[in-house]
Protein chains: 2
Amino acid sequence: MTQCVIAMMVAMPRWDPCAEERLREAALELFLEHGYENVTVAQITERAGLTRRSFSRYFADKRDVLFAGSERLPAVLARAVRHADGALSPFGALLAGLVEVAGELADQAPLAAQRRAVVGASPELRERGRTKFAAVTDAVADALRDRGAAGSEATLLAQVGVAIFRTALDRWADQPDEAGLPGRIREAAAELAASLGTVDFAALPLP
Amino acid sequence: MTQCVIAMMVAMPRWDPCAEERLREAALELFLEHGYENVTVAQITERAGLTRRSFSRYFADKRDVLFAGSERLPAVLARAVRHADGALSPFGALLAGLVEVAGELADQAPLAAQRRAVVGASPELRERGRTKFAAVTDAVADALRDRGAAGSEATLLAQVGVAIFRTALDRWADQPDEAGLPGRIREAAAELAASLGTVDFAALPLP
DNA sequence: GTCTATAGGGCGATAGAC
DNA sequence: GTCTATCGCCCTATAGAC
């Protein structure tokens, strides 16, 4: 957005700038008005002042228009995990990374709420949302392997970390309070640890 | 399959019976031969001796043809969790349910391996696979709520339980050994508990 | 930018099963 | 007759090839 405004002040190009951003805004508006399934790509491009063909230049498919902007989260989280205090265990580094990134995410809350509403109403979009979270999981698992976690254990820990993150996000979105997102993460992780502590693994039945 | 054979012995209808199953078999064969993206619905229905239009009666879309048959897993797992020993904590019941169902799943290994190969090769199918796992997570979370777990904590525990289940499945598929799937579940859960134990939650930085 | 293949679905026709 | 599974032809929209 900021980049776009600056570009407009510097020069007035022949075609309107910020095509991608206008597409995203048009799509969000239309989805909120009529629901995802009832909106065609043609309607989106029309409202944005572009042709049907231009849509494909910016987004791989219709679903992607809602998730653009979240491509960086996997890399950002992976970086935070990699750069966490070297003395921490893999899971400790994971939690520290989550908390760090959560602090930077706080200002994106309003937009996230709108997107949340649209995505939640469409099975097709919820499916794509899971893919986006899976990309985060994969990136985090790679980072944990760099810190010495074994292959499949890194994947397991990454999945658990992302689950904690999602839980914290949900609770924070439902009732934001002074604790903030980082506090919610710590809370969810502590709850999980307590739950795991209730189980005596040796007592589980075996085949 | 069994139902189909019996039906054929009872009567010989004008059109071949077991259309759904033939479609699933034809699809799996074609996907293995040419790859998911290079197979059209028309080719599948042709091999199954049907028309393209009939495909829609059985499957909501092309992806679904590979995942049909897994619709019952959510209900089966949820039932196992609900019926676990009443003295167990929510997470204890979750693990007990996973172990119980894992024992019954062992005989489906060969088919699962083929499906695994096809799904793993296509991003589109991996996306749908995540949706199927999400259905399991939702059902398990409901069961945990019935056992008294709070709303969002039930969701968190369910996600973690499914992550343990997936890890165990992956390891078991990669190298099946005498421990069996239930043993792998216990192993993954114990690993996770150990990892969580390494973290001092009070030491995590707060905003 | 234009064009085509394909997915997905609406509707009615049809042909056996009952 | 009714019921049910299938087909055939229609259309729209997506996605990708040219």
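Throughout, a chain's letter reflects where its sequence line sits, starting with A, and its residues are numbered from 1.
- Among residues two or more places apart in sequence or in another chain, the side chain to side chain donor-acceptor pair (under 3.5 Å) test is passed with B:R115 by none.
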Stepwise side-chain contact (heavy atoms from CB on, under 4.5 Å) test for A:V162 and A:L77: CA-CA 10 Å; A:V162 170; A:L77 250 176; 5.8 Å; no
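- Between B:F59 atom CZ and D:dA5 atom P there is a gap of 14 Å when expressed in whole angstrom units.
- A side-chain donor-acceptor contact under 3.5 Å links A:T45 to the backbone of A:A42.
- We find that CZ of B:R57 is positioned 18 Å from P of C:dA7, with the value rounded to whole Å.
- Candidate nucleotides C:dG1, D:dA5, D:dC7 were compared by shortest atom distance to the side chain of B:Y58, and D:dA5 ranks first.
- With respect to the salt-bridge test (charged N to carboxylate O, under 4.0 angstrom), the residues B:R184 and B:D174 do not qualify.
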Can you give the donor-acceptor pairs under 3.5 Å from side chains of residues 99-108 of chain B to other protein atoms, not counting sequence neighbours?
none

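- Atoms CD (B:E124) and P (C:dT6) sit 14 Å apart, rounded to a whole Å.
- Residues meeting the salt bridge (Lys or Arg N to Asp or Glu O under 4.0 Å) test with A:E191, sequence neighbours left out: A:R171.
- Remark: A:R130 engages B:T131 in a side chain to side chain donor-acceptor pair (under 3.5 Å) (not counting sequence neighbours).
- Within the structure, salt bridge (Lys or Arg N to Asp or Glu O under 4.0 Å) pairs that include any residue of residues 51-62 of chain B comprise B:D61-B:R128 (at least two apart or interchain).
- Look at CG on B:L23: it is 12 Å from C1' on D:dT6, rounded to the nearest Å.
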Could you encode protein contacts along nucleotides 9-18 of chain D as a string, one character per nucleotide from 5' to 3', using B for base contact, S for sugar-phosphate-only contact and - for no contact, with a heavy-atom cut-off of under 4.0 Å? B---SBBSB-
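- Annotation: proximity of residues 125-134 of chain B to DNA chain D (heavy atom, distance under 4.0 Å) is found for no residue.
- Under the 3.5 Å distance criterion, the side-chain polar atoms of B:R24 are left unmatched by any main-chain donor or acceptor of B:G69.
- Pairs passing the side-chain hydrogen bond (donor to acceptor under 3.5 Å, both in side chains) check and including a residue from residues 67-84 of chain A, sequence neighbours excluded, read A:R82-A:D146.
- The closest side-chain donor-acceptor pair between A:S54 and A:T51 falls under 3.5 angstrom.
- Among residues two or more places apart in sequence or in another chain, the salt bridge (Lys or Arg N to Asp or Glu O under 4.0 Å) test is passed with B:D138 by none.
- DNA chain D lies under 4.0 Å from no heavy atom of any residue of residues 26-37 of chain B.
- Comparing the end axes of the helix from C:dG1-D:dC18 to C:dC18-D:dG1, each fitted to five base pairs by superposing C1' atoms of four pairs onto the next four, gives an inter-axis angle of 20° (nearest 10 degrees).
- Distance, B:D64 CG to C:dA7 C1': 14 Å, rounded to whole Å.
- Under the rule for a side chain to side chain contact (heavy atoms under 4.5 Å, CB included), the partners of B:Q114 that lie at least two apart in sequence or sit in another chain are B:L28, B:L32, B:L111.
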